[in-house]
Amino acid sequence: MLTEFYRLGTVRKPELMNRDWAISLSDNEAVQLQADYQRLLNLETSVAKSVPLNKQDSYTEMIGFPARIMAETGLIFMHDRAIVYGANQSAHQVEIDRLKAALESEVDNYNNKIAGGKWQYMMPGTVTGQNLLSWNSQVAWPWAETRKPDTTKKAIQADITRNASSADEQTTAGTAKWSVIPGLGNSGQAMALTPVNLNLLWKPGDVKAPTLNYNFKTDGNSAKVRIDFMPTFRIYPGMQLRVAILVDNKFISTTEVPGSNGKEDENGPNRNQGIRNNYVSALIDLPALTTGTHKLSIRAIDPGVVIDKISFYKN
């Protein structure tokens, strides 16, 4: 349960959730997140029943309460998103009201009942100030929004999204390889180029560089691929953080991890949203391909790259 709690926390911590984030998700992403939040809530309920009575307070303090706050807050934003996009407003509003009441009840329990009320006034409720959207509010709750939702920023729906760890094939170069890092990234299975060593550098055309291969199908029209990287920096000033992109063993481009070159601070577009989202994306145009199965290859160039997901789009 804690592994999933931490993974969902890297997708968005409650204090970084807001309506803009929720409505920017594609429909598939929102459906998956809502299912993940509900699964975490159900799992916490199940685990809590197995905890001995004399351990309940400790369990709630350290595990149960944070997990439920994460899941219920996320569900509130998913239901609000559904309302924004025209779903049954009354049904989703009932769920929002129910979840809000559950949050208030859990905060009351934490503050006033656990261990005889030793945490009194510790946890804030769903109202933390006159302006719930200001920087010092715990969460930018959707019921405080007065702006018209900007639905133009809704992410384009991918035709296929794969975890980077699902590569159909990979090659190594001595000890250098792409390694699954359990718990890392929104997928919980991000692929890191290991070991991270300044001496492990490859030219874009080096066929011996560690490579991840993904098979995909096209209908003969042009397509795009989006690579979600972890928002990491180059490992030494003056270096870069790049991979080479190939289709059917033909070089397409060299792609730099957005925001990795140190030219922007934490307020720059890549760093600001990349840190909040726990990924930065590069969108790459693929050449016109014949109908059928093809191979996308991501080949190492610089050490320090971490890849989370691969998405394919038809134009």
Side-chain angles (χ1 to χ4, degrees), residues 7 10-11 24-26 28-29 32 155-171 176-181 184-194 196 202 204-206 209-218 222-235 239-261 264 268-287 289 293-315:
R7 184 187 73 81
T10 65
V11 173
S24 74
L25 300 169
S26 72
N28 283 349
E29 288 171 329
Q32 185 61 58
I156 299 172
Q157 191 97 319
D159 293 286
I160 299 174
T161 295
R162 300 179 57 174
N163 292 343
S165 59
S166 72
D168 296 293
E169 179 188 20
Q170 69 164 299
T171 65
K177 62 180 181 178
W178 293 97
S179 302
V180 176
I181 309 298
L184 186 63
N186 291 355
S187 69
Q189 299 178 324
M191 296 289 281
L193 183 59
T194 61
V196 179
W202 295 270
D206 192 341
T211 302
L212 294 169
N213 295 319
Y214 302 88
N215 297 330
F216 67 101
K217 293 182 179 180
T218 69
S222 57
K224 298 177 185 289
V225 63
R226 189 183 89 178
I227 303 176
D228 291 349
F229 299 94
M230 297 291 292
T232 53
F233 272 127
R234 70 231 189 284
I235 63 174
M239 292 185 66
Q240 293 177 279
L241 206 55
R242 303 163 297 165
V243 293
I245 307 300
L246 300 90
V247 173
D248 298 335
N249 298 318
K250 295 180 180 179
F251 178 81
I252 301 299
S253 66
T254 296
T255 298
E256 184 176 42
V257 177
S260 65
N261 55 25
E264 64 178 68
N270 290 302
R271 300 298 300 170
N272 183 288
Q273 291 303 309
I275 292 170
R276 291 168 183 260
N277 294 329
N278 202 34
Y279 69 86
V280 289
S281 297
L283 190 63
I284 301 151
D285 289 312
L286 301 181
L289 300 168
T293 301
H294 298 272
K295 180 175 69 175
L296 172 78
S297 299
I298 302 176
R299 185 173 288 169
I301 297 177
D302 302 304
V305 176
V306 185
I307 304 173
D308 194 26
K309 294 184 179 183
I310 315 294
S311 299
F312 294 93
Y313 300 82
K314 297 176 183 176
N315 281 348

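A salt bridge between K217 and D159 is absent, with no side-chain N of the basic residue lying under 4.0 Å from a carboxylate O of the acidic one. Taking 4.0 Å as the cut-off between side-chain N and carboxylate O, D285 and K224 count as a salt-bridged pair.
Residues N186 and D308 come closest through the heavy atom pair N-OD2, 2.9 Å. Contact detail for A164 and I310: the closest heavy-atom pair is CA-CG1, 4.4 Å. Nearest heavy atom pair, residue A300 against residue W202, reads O-CB, 3.7 Å. Between P303 and I235, the shortest heavy-atom distance links the atoms CG-CD1, 3.7 Å. When all heavy atoms of P258 and N270 are compared, the closest pair comes out as CB-OD1, 3.5 Å. For the pair E264 and P269, the tightest heavy-atom approach, listed with the atom from each and the gap, is OE2-N, 3.6 Å.
Proximity of V306 to M191: side-chain heavy atoms (C-beta onward) are nowhere separated by under 4.5 Å. Side-chain contact check for I227 versus I245: some heavy-atom pair is nearer than 4.5 Å. Two residues are said to be in side-chain contact when any heavy atoms from C-beta on lie closer than 4.5 Å; V305 and I298 fail this criterion. Using a 4.5 Å heavy-atom cutoff, the side chains of T232 and L241 are in contact.
Partner of L212 under the side chain to side chain contact (heavy atoms under 4.5 Å, CB included) criterion, chosen from K177, Q170, E169: Q170.
No donor-acceptor pair closer than 3.5 Å links the side chain of S26 to the backbone N or O of A155. Checking side-chain atoms of Y214 against main-chain N and O of S166 turns up no donor-acceptor pair under 3.5 Å. At distances below 3.5 Å, at least one donor-acceptor pair connects side-chain atoms of S187 with backbone N or O atoms of Q189. The main-chain N or O of K295 is found under 3.5 Å from a side-chain atom of D248 such that the two form a donor-acceptor pair. Listed for the T218 side chain is no donor-acceptor partner under 3.5 Å among the backbone atoms of F216.
Note that R162 lies outside the cation-pi zone of F312, set by a 6.0 Å cut-off to the ring centre and a 45° limit from the axis.
Listed by chain and residue number, nothing satisfies the salt bridge (Lys or Arg N to Asp or Glu O under 4.0 Å) test with R234 (two or more places apart in sequence, or in another chain). Considering only residues two or more places apart in sequence or on other chains, S281 meets the side-chain contact (heavy atoms from CB on, under 4.5 Å) condition with R226, D228, Y279.
Residue L283 places its CG atom among more than 12 non-hydrogen atoms of other residues, nucleotides or ligands, all under 6.0 Å distant.
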